[in-house]
Amino acid sequence: MTAVLAADRLSYSYPGSPPVFSELSLEVSQGAALAVLGPNGGGKTTLLRLLCGGLRPTAGQVMLHGRPLGYGRAALSEFRTQVQFVHQDPDDQLFAATVGQDVSFGPLNLGLRPAAVAARVTAALEDMEIVPLVEQPTHLLSFGQRKRVAIAGALALRPVVLILDEPTAGLDPAGTEALLSTLRRLGAGGTTIIASTHDVDFAHRWADDVAIIARGALHSGPADRLLTDSDLLRDASLRPAWGPAVGRVLRAVGGLPPTAPDPRSPEEVLGVEPETRP
Ligand SMILES: Nc1ncnc2c1ncn2[C@@H]1O[C@H](COP(=O)(O)OP(=O)(O)OP(=O)(O)O)[C@@H](O)[C@H]1O
Ligand SMILES: [Mg+2]
């Protein structure tokens, strides 16, 4: 099966700087939930910006549905109707005066009818639990609220591939839970999602696959395998995931059957529902 999005031997150097990475390859299959992890300065943001066409590789190519990405204006516009990027810092993304205007910008630009634009904006605001903020000026919102607006703006475009740079950074626990369920629902609907994070537990709860950048090399594979590889995690300056650690202890004391999967959250172990917004 052809990957929906692929990096084929990508190399990248910022002008006048040494290479961030060389000949890095990655295949992302349709509907995948892929977490990208690695230390500060490891190259996560650089990789995501290459994958969304925001940076042009020094060598190698990005492929969408098996076709190489072109970097002309028309090719990039077409690409961005399918692949959406959400910046780590919402202030790099938001520009309209109000939340409603910002989230409707993309759908309006697609030439959709007003009723269709309104439906998409409402759905995206509901997904990010920010419907009451629709009339608010974006510059008066808190960081976490602006972050949700930025994600809603990308969701309103209904992309085939959604790429998020540290989507949970700055969100409160209830905001992270809401994002997690939104990402799961989008994934169940067939959206391919790539998200960078330093949060190994978030990656363990959400991702099927992970790509770990450590010392300029990329290690990719199933989340359950890579997130239990303590040498690799240490190399990438990452903590061990909470779930596999607790699973190991519970199995050792007979608190979990030997073949049961690792717990994904404290709530799962305690048998309670996760905190959501009142
Ligand atoms: N605009 C730039 N110009 C020059 N070098 C840059 C630029 N942006 C990033 N770099 C360098 O590229 C390397 C990778 O940075 P990148 O931002 O991709 O890392 P990251 O994994 O996203 O880190 P973090 O966890 O801090 O977000 C770093 O060494 C960084 O200093
Ligand atoms: Mg980064």
Side-chain angles (χ1 to χ4, degrees), residues 5-26 28 32-62 69 71 76 83-94 143-144 146-151 153-154 161-171 175-176 179-180 183 192-207 209-221 223 226-227 229 231-242:
L5 191 67
D8 180 20
R9 286 164 291 158
L10 286 189
S11 301
Y12 189 77
S13 313
Y14 289 98
S17 301
V20 179
F21 40 69
S22 300
E23 306 229 341
L24 181 153
S25 295
L26 178 69
V28 188
L34 171 73
V36 177
L37 300 124
N40 287 139
K44 300 178 295 299
T45 298
T46 305
L47 174 63
L48 299 190
R49 290 183 65 205
L50 286 162
L51 289 175
C52 74
L55 289 176
R56 187 174 184 158
T58 2
Q61 52 195 7
V62 172
L69 166 62
Y71 291 87
L76 279 176
V83 180
Q84 273 289 304
F85 178 62
V86 180
H87 290 262
Q88 173 174 358
D89 183 349
D91 297 333
D92 289 338
Q93 189 133 352
L94 304 180
F143 179 85
R146 294 203 299 288
K147 186 113 179 171
R148 288 155 183 251
V149 176
I151 298 172
V161 182
L162 179 63
I163 302 179
L164 306 120
D165 197 3
E166 303 204 22
T168 61
L171 293 189
T176 301
L179 180 71
L180 199 65
L183 295 185
T192 303
I193 307 174
I194 305 171
S196 73
T197 182
H198 290 111
D199 185 339
V200 182
D201 298 322
F202 176 79
H204 183 248
R205 286 183 68 191
W206 166 67
D209 301 304
V210 295
I212 299 181
I213 307 183
R215 302 177 201 268
L218 184 88
H219 305 261
S220 58
L226 269 68
L227 293 179
D229 183 337
D231 291 340
L232 175 61
L233 293 177
R234 196 175 323 108
D235 250 14
S237 309
L238 295 165
R239 282 191 315 118
W242 177 93

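Numbering of ligands and ligand atoms starts at 1, following listing order. Only a predicted model underlies this, so the values are computations on that prediction, with no experimental measurement involved. Sequential numbering from 1 along the given sequence is applied to the chain's residues.
- Heavy atoms of R49 stay at 4.0 angstrom or farther from ligand 1.
- With sequence neighbours left out, the salt bridge (Lys or Arg N to Asp or Glu O under 4.0 Å) criterion links D8 to no other residue.
- Note that atom 30 (C) of ligand 1 has no protein non-hydrogen atoms nearby, at separations under 4.0 angstrom.
- Scored by the salt bridge (Lys or Arg N to Asp or Glu O under 4.0 Å) test, D235 finds R215 as partners (sequence neighbours excluded).
- The pair D91-R146 meets the salt-bridge criterion, since a charged nitrogen lies less than 4.0 angstrom from a carboxylate oxygen.
- Note on ligand 1: G16 sits outside its first shell, no heavy atom being nearer than 4.0 Å.
- Applying the 4.0 Å criterion to heavy atoms of E166 picks out, from ligand 1, the atoms 25 (O), 27 (O).
- Each of the following atoms of ligand 1 lies closer than 4.0 Å to a heavy atom of N40: 23 (O), 24 (P), 25 (O), 26 (O).
- Evaluation of the ring-ring contact (aromatic ring centres under 6.0 Å, His included) rule for Y71 yields no partner, not counting sequence neighbours.
- For the pair G38 and ligand 1, no heavy-atom separation below 4.0 Å is found.
- Less than 4.0 angstrom separates some heavy atom of H198 from each of these atoms of ligand 1: 25 (O).
- The distance cut-off of 2.8 Å around the Mg ion (ligand 2) captures these protein N, O or S atoms, sorted by chain and number: T45 OG1.
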